[in-house]
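Single-structure report; data block below.
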Amino acid sequence: MRETTPPPYVTDILSKLEQAGFAAYMVGGCVRDMLLSKRPFDWDIATSAGPHEVTPLFRRVIPTGIAHGTVRVMCGKTGVEVTTFRIDGEYLDSRRPESVAFTGDLVEDLRRRDFTINAMAMDLSGRITDPHGGRKDLERRLIRCVGNAEDRFEEDALRMFRAFRFAARLGFSIDPAIFDAIKLLAPRAAALSAERVRDELQRMLLSNNPELLEPVFSLGLLDGYCPEPAPRPVFLKNIASLPRLAMFRWAGFCAVLESQGAITSTSAFLRLLRLDSKTVRACTRGMHLAQQPLPTTPVGWKRLLSENDFETVFCAAAASDAVLRTSNIKAVRSILRHGECFTLGRLAIGGKDLEGIGLQGSEVGRVLRRLLAHVIEQPSDNNRDRLLALAQDIVSGVI
Ligand code: ATP
Ligand code: MG
């Protein structure tokens, strides 16, 4: 497999740490992604240096989690997490270790990580430390726990979601031992915060394989949010054809869940998962719009856009595309791309122009709305002279 290489700001941090006499490695997801020739989402460094030894070596350091050994070394606007090799203490709440102990040993640090493919390190020269067979699992395209799956999920229930997240993102299969462990331990997911569950679900929704959400439901990991029967994978798969934007994918997901009877209220479901209010509003309104037949012509879409904010219209389009396999998002995007007029703001004249020809008070708004309705059907009339002439005709009752 061809490897991608780390950017200079990462190699600079590694060499500064090494020059100061410490061991330092890139670890976790960035090593996995480099070996897959994918661009890493972020870079994590593990080092034998304690956080107070790391801090003076760099110009700008943010103490993001000193107690857990983590600082963020800033390189311009980008930050790199630098964490001291550590051994996690006991997990009492299935979420966070009660305590952590620092260690000088990289291999000890790799043992606390979730999956074999996430438990590799790479040094400045490109040499890889891989005590759990991560490279072999990358070749086999397999998500497998470091050590015993049950123990790992007992320590941190979020790992059950992470297994599906990585499988969905990478298109890998999941070790049967992971399924067996989840069957036993799924109820522990109830202890996780909604925000952490939401973030994992969102990453799955944004992947190419959202149909992997089906086992997440059917194994009971989402019982606290959606106790009804799991949605069918064939519908979940449709979500992958929506644009890779979180709001659209949530709208498509909720539409699939509603259409399958898995949820009865999009807004209640999204609120429970602590989605931001903008997404909740757009998805809820979009779902409502999509209950009526959606437009089949550009004029129809422009009318809908003139009556609703465009996020709502996009969510309605996403809902229908996910359930009915329509191409509505494409239709709405094309209208936006061509800069067509569907709001008063895009009309070639405004209230002041109408006042200039003698209109007053509520008459101004009424005529502007009539002009907009006209321009939605006749885009070529959206110019000042034509609209002023039309305004005169409206006022005098000719049209
Ligand atoms: P992404 O590409 O989405 O950032 P990642 O593998 O880098 O994926 P992060 O959440 O950024 O995942 O975490 C970085 C590394 O820290 C992981 O690769 C893994 O080694 C370790 N890690 C993170 N969360 C956990 C966890 N809950 N349990 C065990 N190890 C974890
Ligand atoms: Mg990462």
Side-chain angles (χ1 to χ4, degrees), residues 4 6-7 10 25-47 64-65 68-70 72-73 78-91 93-98 100 106-122 128-135 137-138 143-172 178 181-182 185 188-189 191-193 195-209 212 221 244 246:
T4 48
V10 171
Y25 301 84
M26 294 166 275
V27 277
C30 61
V31 178
R32 175 198 70 220
D33 290 345
M34 278 192 286
L35 290 173
L36 289 170
S37 301
K38 285 182 188 284
R39 200 153 57 93
F41 176 71
D42 49 21
W43 297 85
D44 291 305
I45 289 178
T47 177
T64 39
H68 288 84
T70 305
R72 193 174 246 300
V73 175
T78 320
V80 177
E81 301 259 283
V82 179
T83 305
T84 307
F85 298 151
R86 63 174 218 227
I87 305 168
D88 290 345
E90 231 188 313
Y91 286 73
D93 60 354
S94 297
R95 276 168 51 195
R96 293 238 156 77
E98 287 303 293
V100 300
L106 168 69
V107 173
E108 294 268 22
D109 180 272
L110 294 176
R111 194 174 298 145
R112 74 174 169 88
R113 294 173 186 271
D114 46 7
F115 306 109
T116 58
I117 59 167
N118 289 345
M120 293 181 275
M122 187 190 283
I128 290 181
T129 307
D130 176 19
H132 304 285
R135 249 182 309 189
D137 286 338
L138 280 184
I143 307 295
R144 192 166 59 86
C145 282
V146 169
N148 177 281
E150 266 178 52
D151 293 345
R152 308 329 307 273
F153 297 158
E154 261 174 22
E155 287 165 0
D156 181 358
L158 193 74
R159 293 172 183 161
M160 298 190 275
F161 285 93
R162 285 172 61 90
F164 286 102
R165 183 240 282 198
F166 290 115
R169 161 130 163 252
L170 302 170
F172 282 18
I178 288 185
I182 295 180
L185 296 169
R188 299 212 177 198
L192 295 166
S193 77
E195 287 83 353
R196 295 178 88 201
V197 172
R198 173 200 64 204
D199 291 349
E200 293 302 321
L201 294 183
Q202 181 158 304
R203 286 175 157 123
M204 292 188 73
L205 287 172
L206 289 169
S207 78
N208 287 335
N209 303 288
L212 275 182
L221 288 174
R244 220 180 283 274

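Hydrogens, waters and symmetry mates are skipped; everything else that's a heavy atom, side chains included, is used. One-based numbering, in listed order, for ligands and for the atoms of each.
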Counterpart residues, ring-ring contact (aromatic ring centres under 6.0 Å, His included), relative to Phe164 (two or more places apart): Phe179
Atoms of the protein (N/O/S only) found under 2.8 Å from the Mg ion (ligand 2): Asp42 OD1
Asp44 and ligand 1 - part of the residue with a heavy-atom distance under 4.0 Å: side chain
Min N/O separation Gly29 to ligand 1 under 3.5 Å: yes
Among Leu158, Asp42, Asp114, Asp88, closest by any non-hydrogen atom to atom 31 (C) of ligand 1: Asp114
Considering all heavy atoms, the nearest Trp43-Pro7 contact: CZ2-CD, 3.3 Å
Side chain, backbone, both or neither: Phe166 near ligand 1, heavy atoms under 4.0 Å: side chain
Sub-4.0 Å heavy-atom approach of Arg152 to ligand 1: no
Residues Arg198, Glu195: salt bridge by 4.0 Å N-O rule: no
Phe166 and Phe115 aromatic ring geometry - parallel, tilted or perpendicular at 30°/60° bounds: perpendicular
Interatomic spacing from CE in Met120 to CG in Asp130 - rounded to 0.5 Å: 5.5 Å
Ligand 1 versus Arg169: contacting region, heavy-atom distance under 4.0 Å: side chain
Ligand 1 N/O within reach of Arg196 N/O, cut-off under 3.5 Å: no
Between CZ on residue Arg165 and CG on residue Asp199, distance to nearest 0.5 Å: 9.0 Å
Audit row: Glu81, Asp42, side chain to side chain contact (heavy atoms under 4.5 Å, CB included) steps and yes/no: CA-CA 9 Å; Glu81 301 259 283; Asp42 49 21; over 6 Å; no
Side chain, backbone, both or neither: the part of Asn118 lying under 4.0 Å from ligand 1 by heavy atom: both
